[in-house]
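Below: one structure, written as structure tokens.
Because only heavy atoms are used, hydrogens play no part in the values below, and waters and symmetry mates are left out as well, while side chains stay in.
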Amino acid sequence: MRTEPTGRDDRATRDFVAFRVERAHARITAQAARVLAKDGALTPRQWWIITDMVAEKPTTATELAQIADLDKGLLSRNLKALREMGFVHMERDPGDQRQQIISLTDAGHRKHEELLPLMTARNQWLVHDVSDEDLETTFRVLEKLELAAETTDFAS
């Protein structure tokens with residue numbers, strides 16, 4: 001198992017797992033942006049926020065930030081845009097004025113239903129040459145990488 005870059009030339013950083021994951025992420029996200037741009041309404045981040053709201057049904061922005069793994073500032077900007085598009089309704093929690101209660105509007109649910117077949121087909125395309133076994137391995141490896149990324153002390 002290779003654990004460090006080969007150092008054979010100036011492209012050595014391409015052997016870093018973080019480089020490969022970041023590059024794959026950038027290309028996959030760019031593809032999602034192009035696909036969603038055909039509809040003209042959502043960014044990839046906004047699509048995932050709507051999808052998280054459908055799947056997880058969070059009630060507060062704080063819950064959604066945890067589910068979506070987004071900082072509150074980024075989430076807030078995206079929720080504002082989604083609210084302006086009519087896809088999200090937001091109101092102050094009467095019991096805690098610091099919290100915002102969020103919900104998808106009927107238009108938000110319709111947009112999700114409209115885009116779901118397209119985004120499902122896209123997902124199927126992304127993995128069409130990947131075996132079920134390789135996909136399971138990929139998910140296991142990514143989960144391990146996510147856990148490993150929580151550490152900043154590499155001495156042990």
Side-chain angles (χ1 to χ4, degrees), residues 13-14 16-153:
T13 57
R14 293 176 188 263
F16 280 105
V17 70
F19 173 84
R20 299 299 298 269
V21 170
E22 177 62 28
R23 184 171 69 178
H25 173 264
R27 290 179 179 180
I28 290 169
T29 300
Q31 179 197 50
R34 290 189 307 271
V35 168
L36 290 167
K38 292 177 184 177
D39 178 76
L42 300 175
T43 66
R45 174 77 63 210
Q46 292 163 349
W47 160 251
W48 288 119
I49 288 170
I50 287 176
T51 300
D52 283 339
M53 291 181 71
V54 168
E56 303 291 335
K57 298 181 181 30
T59 58
T60 67
T62 300
E63 287 176 354
L64 182 57
Q66 291 169 344
I67 290 165
D69 199 18
L70 293 174
D71 69 70
K72 289 182 182 181
L74 182 57
L75 177 64
S76 178
R77 288 187 295 279
N78 279 281
L79 285 175
K80 179 181 179 204
L82 289 168
R83 185 182 66 222
E84 290 169 357
M85 289 183 263
F87 298 145
V88 171
H89 176 75
M90 299 169 60
E91 62 185 77
R92 290 276 173 214
D93 182 345
D96 182 354
Q97 290 295 307
R98 297 169 298 165
Q99 290 284 353
Q100 293 233 22
I101 303 294
I102 57 170
S103 58
L104 279 181
T105 63
D106 289 342
H109 282 284
R110 283 192 303 275
K111 180 54 72 178
H112 179 262
E113 290 303 310
E114 173 190 324
L115 291 173
L116 186 58
L118 174 65
M119 296 307 280
T120 299
R122 173 183 168 262
N123 187 69
Q124 290 170 342
W125 171 254
L126 286 170
V127 298
H128 80 279
D129 278 339
V130 180
S131 70
D132 289 344
E133 181 181 329
D134 282 350
L135 195 56
E136 288 175 24
T137 300
T138 299
F139 287 154
R140 272 196 318 276
V141 169
L142 288 172
E143 186 175 322
K144 288 179 181 186
L145 290 172
E146 288 176 32
L147 289 171
E150 294 176 10
T151 299
T152 56
D153 180 11

Side chains of Leu116 and Val54: does their closest heavy-atom pair fall under 4.5 Å?
no
Measure from the side-chain N and O atoms of Thr105 to the backbone N and O of Phe87, and report whether any donor-acceptor pair falls under 3.5 Å.
yes
Check whether any side-chain heavy atom of Asn123 sits under 4.5 Å from a side-chain heavy atom of Met119, and report yes or no.
no
Check Glu114 with Lys111, please: is the shortest side-chain N to carboxylate O separation under 4.0 Å?
yes
To the closest 0.5 Å, what do you measure between CG (Leu79) and CE (Met53)?
7.0 Å
Return the CD1 to CD1 distance between Ile49 and Ile67, rounded to the nearest 0.5 Å.
11.5 Å
On a heavy-atom basis, the closest approach of Ala65 and Lys72 is CB-CG, 4.4 Å
Nearest heavy-atom pair of Ile102 and Thr60: which atoms, and what distance?
CD1-O, 3.8 Å
Who passes ring-ring contact (aromatic ring centres under 6.0 Å, His included) against His128, sequence neighbours left out?
Trp125
I'd like to know if the side chain of Glu56 reaches the main chain of Asp52, judged simply by a donor and an acceptor atom lying under 3.5 Å from each other, with no hydrogens or angles considered.
no
Side-chain touch Arg83/Lys80, heavy atoms, less than 4.5 angstrom:
yes
To the nearest 0.5 Å, what is the distance between CD on Glu143 and CZ on Arg140?
9.5 Å
Would you indicate whether the side-chain heavy atoms of Arg92 and Gln100 approach each other to under 4.5 Å?
yes
How about Thr43 and Asn78: do any of their side-chain heavy atoms sit closer than 4.5 Å?
yes
Pick one: which of Leu82, Leu36, Val88 meets side chain to side chain contact (heavy atoms under 4.5 Å, CB included) with Gln46?
Leu82
With the side chain counted from C-beta on, respond yes when Leu70 and Arg45 share a heavy-atom pair under 4.5 Å apart, and no when they do not.
yes
Would one find more than 12 heavy atoms of other residues, nucleotides or ligands at under 6.0 Å from atom CD of Glu84?
yes
Could you pull out all residues at least two apart from Trp47 that satisfy ring-ring contact (aromatic ring centres under 6.0 Å, His included)?
His112
Mind checking whether Gln99 and Thr59 have side chains closer than 4.5 Å, heavy atoms only?
no
Do other residues, nucleotides or ligands put more than 12 heavy atoms under 6.0 Å from the CG atom of Asp69?
no
